[in-house]
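Throughout, protein chains are lettered first and strands after them, A, B, ... in sequence-line order, and every chain is numbered starting at 1.
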Amino acid sequence: MIGRVNRDIEGLLADLNSPQRTAVSHTEGPLLVLAGAGSGKTRVITRRAAYLACTVAKPSEVLAITFTNKAANEMRQRIIALGVGREMTICTFHALGARLLRIYHDRADLPANFTIYDTDDQRKVVKEAIEQAGLATTNWSPAAVHSTISRAKNYMQTAREFEENATDWFQRSMAKAFLIYDRLLTERGALDFDDLLLKTAHLLRIDEGLRRSLESKYRYLLIDEYQDTNEAQYVISHMLTREHANICATGDPDQSIYGWRGADIGNILHFEEDYPSAKVVRLEQNYRSTRRILAAADRVIAANIHRKEKTLWTENDEGPRVRVVECEDANEEAAWIAEQIERAARDGASLADLAVFYRINAMSRAIEEALLRAGIAYQVARGTEFYNRKEIKDVLAYLRLLINPADDIALLRAINTPARGIGATTIGRLRHHAVTAGIPLMNAAKQADSVPGIGRALARVRAFAALMEELDQLAGQPPRFVVEQTLRRSGLYAELNKEAEVTSSPLDNVNELINAAADFQRERPEATLIDWLEHTSLLSDVDSVESGRGAVTLMTLHACKGLEFPVVFMIGLEEGTLPFSRSGEANRSSIEDEEEERRLCFVGMTRAKRELNMIHCRYRMFRGVETRTVRSDFLRALGDDDIDRVNLSGEPSPHRKGSPFRGQLPDDIELWEVGSLVRHPSRGLGRVTLLRRGLKRTHVRVSFQDGTDQAWVLEFADLTRVDYDEVE
DNA sequence: ACGCCAGAAGTTTTT
DNA sequence: CTTCTGGCGT
């Protein structure tokens, strides 16, 4: 027996390089693995988890936290393949939070059946909160308020604290909405995504007994993508390792791309200060990409100032040159990619080897159309989209209401879908009754008899309440069965069948939902409806990506993190798109934002194993208007040597001298000052109100004659200075 | 109560 | 170019 285990341990270390081996065999105490792109990090983590389970720990004592469910599943498969039991806990921070809060709900002061609200639901609640706070939704966009709330929660700031820190009317109003938002969630027994982390972190802080017992249960903690953890996740990981300090963080500061949602790159940069006894291992040998790809990626990332120097090297061959392609517009871009893919396929490549990355989801459309036209199979990494479909949300609303009758958002969706003749007036009356009695809408519906003025609708509301009670009898059955019965008994199925003469896709989708429930049940035979709903709420976009499906993969640059493909196409290498900036808010794009964009570009480039194509268009549609673009500064960083530059649009390059779009400061820049008169081709005459010379760019703000303001990066603004005497 | 139409509004990235 | 909203008509 001992002999066998020893052989296994040998096997776990056998084909690793020296730093990898150090990381895998380090068992006790804090460990930081700074793993450059393609340096075999996944291999190290899985081996290390298995190594722990073969030497110092029981599998159930190892907790591994990954960034996505997909990563968790793959890791689990690999560990099982290494011959280690299935008892290891491998999940995302959010899933861990959901699980702990579900088990220890009474300590966390939550109902056992709490619902997890998705972005859509969260926004609806925010909207209600804004209204109840007496603010106008015209001035206070739910999306903006929501993102402020979310940001605060990511920093573990409660609504109360937010209120205490509010200095002006604007912040006090925001605090008001925040407080109401949280109250509404509580009333409905609902948590948002941020709460899953926040409440878990809070629980571990206040309940020392629980913290201790969890810490000793999970004696070894592994956290992947540590550079993308936020404050709440940081607290959770520290609470779980306070005494044994067996924390292994892996990540790469150069791949930190979630700062906008509260991720703090400082967590990984200051790991050694948090754990002075930390062992630090650097993985710098890249096994993934060709030398040329690596060199190109390095040239891009090297421009970041706030950075720990790191040298990635490889023994791989040089490979073909990186290609930079200029297209006329998005259609040409898409057509060219389709053509390249066709050719690659003819040459024997598998479609699964090819991927297209873009900065924003909206950019997938043109590519999809071109691939469709060419008859090329593709998959878009947008797993959550399926669950955002109307017909799917309709079914889920019933299920959520079954689990949690206090979920008013779910009731409002289900009560008149399919149409039962319960309209706005009746719902208004139910609402009023619910608010007066301080009860959820579902209870109000059950007491419809005592709702004043309900009239003819009484019978209909009663029928709905009866339906829910009938379904409630089934709620303990396996998910698949409940889904099916809900579809049948609610009348949704009949409705979709009727519609199917026009479009069958909604019907197909709900059937797909039944399959999804069945699959889940097969994976976890003991799973309840609650488990399945939780699972569906925590799905992420990449989770739907399957390798080996024989299809080209389309995804955002954020979604591609952690993956690799032999051939990569990156599109939209244009200022404003990559790096992304919101138009008219040039003054908001800070150095930090710009560096994060550069890291995003770096992440995309380092996914490529053999061929990397970076494409930019001279024109791109923006809100239905064809807009002139400027090549991304990231392409300039690549230089000209050793790069294949392809120009598909035969026309003269627009970047010649004299063009206002050349991305250079105007020749007479020294004459520009605040107060200068300038002319813009479409906006007319204006006056410079701000001129700020940054490290790399000059920002300018202009106030026009019509009273409007506009901010630009001067290099890219189509402005010319006008002398006073010209104007008179 | 519900469907249709016109007008406005809005687009990062995600658990 | 879409997607959502709100108002109006049936």
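- Using a 4.0 Å cut-off between a side-chain N of Lys or Arg and a carboxylate O of Asp or Glu, A:R599 and A:D252 do not qualify as a salt bridge.
- The interatomic distance linking A:H94 (NE2) with B:dT14 (C1') rounds to 9 Å, in whole Å.
- Between A:T556 and the phosphate of B:dT14, there is a side-chain N or O to OP1/OP2 separation shorter than 4.0 Å.
- In the set B:dA1, B:dT15, B:dT13, B:dA1 carries the atom at the smallest distance from any side-chain atom of A:T425.
- The distance from atom CD of A:E369 to atom C1' of C:dT2 is 12 Å, rounded to the nearest whole Å.
- At a threshold of 4.0 angstrom between heavy atoms, the contacts of A:A143 with the nucleic acid are absent.
- Counting only distance, with no hydrogens or angles, the side chain of A:D329 and the backbone of A:Y619 share no donor-acceptor pair below 3.5 Å.
- A donor-acceptor pair is defined here as one N or O able to donate and one able to accept, closer than 3.5 Å; such a pair exists between the side chain of A:H558 and the backbone of A:I257.
- Note: CG (A:N388) to P (C:dT2) measures 20 Å, nearest angstrom.
- An aromatic stack links A:W260 and the base of B:dT13, using centre distance under 5.5 Å and interplanar angle under 30°.
- Electrostatic pairing of A:E128 and A:K124 does not count as a salt bridge here, judged by no charged N lying under 4.0 Å from a carboxylate O.
- Taking every side-chain heavy atom of A:A419 into account, B:dC2 is the closest of B:dC2, B:dT12, B:dT15.
- Between A:R598 atom CZ and B:dT12 atom C1' there is a gap of 18 Å when expressed in whole angstrom units.
- Rounded to whole Å, the distance from CG on A:D194 to P on B:dT15 is 13 Å.
- Counting any heavy atom pair closer than 4.0 Å across all strands shown, A:F93 reaches no nucleic acid atom.
- Straight-line distance from the CD atom of A:E596 to the P atom of B:dT14: 12 Å, rounded to whole Å.
- Map A:T68 and A:R359 each onto its nearest nucleotide of DNA chain B; the residue landing nearer the 5' end is A:R359.
- A salt bridge between A:R628 and A:E574 is absent, with no side-chain N of the basic residue lying under 4.0 Å from a carboxylate O of the acidic one.
- Side-chain N/O atoms of A:T577 include none lying less than 4.0 angstrom from OP1 or OP2 on B:dT12.
- The separation between A:I257 atom CD1 and B:dT14 atom P is 9 Å, rounded to whole Å.
- Rounded to whole Å, the distance from CZ on A:F67 to P on B:dT13 is 15 Å.
- Residue whose closest nucleotide on DNA chain B sits further toward the 5' end, between A:S537 and A:N416: A:N416.
- Backbone-only contact: A:N361 has heavy atoms under 4.0 Å from sugar-phosphate atoms and none from a base.
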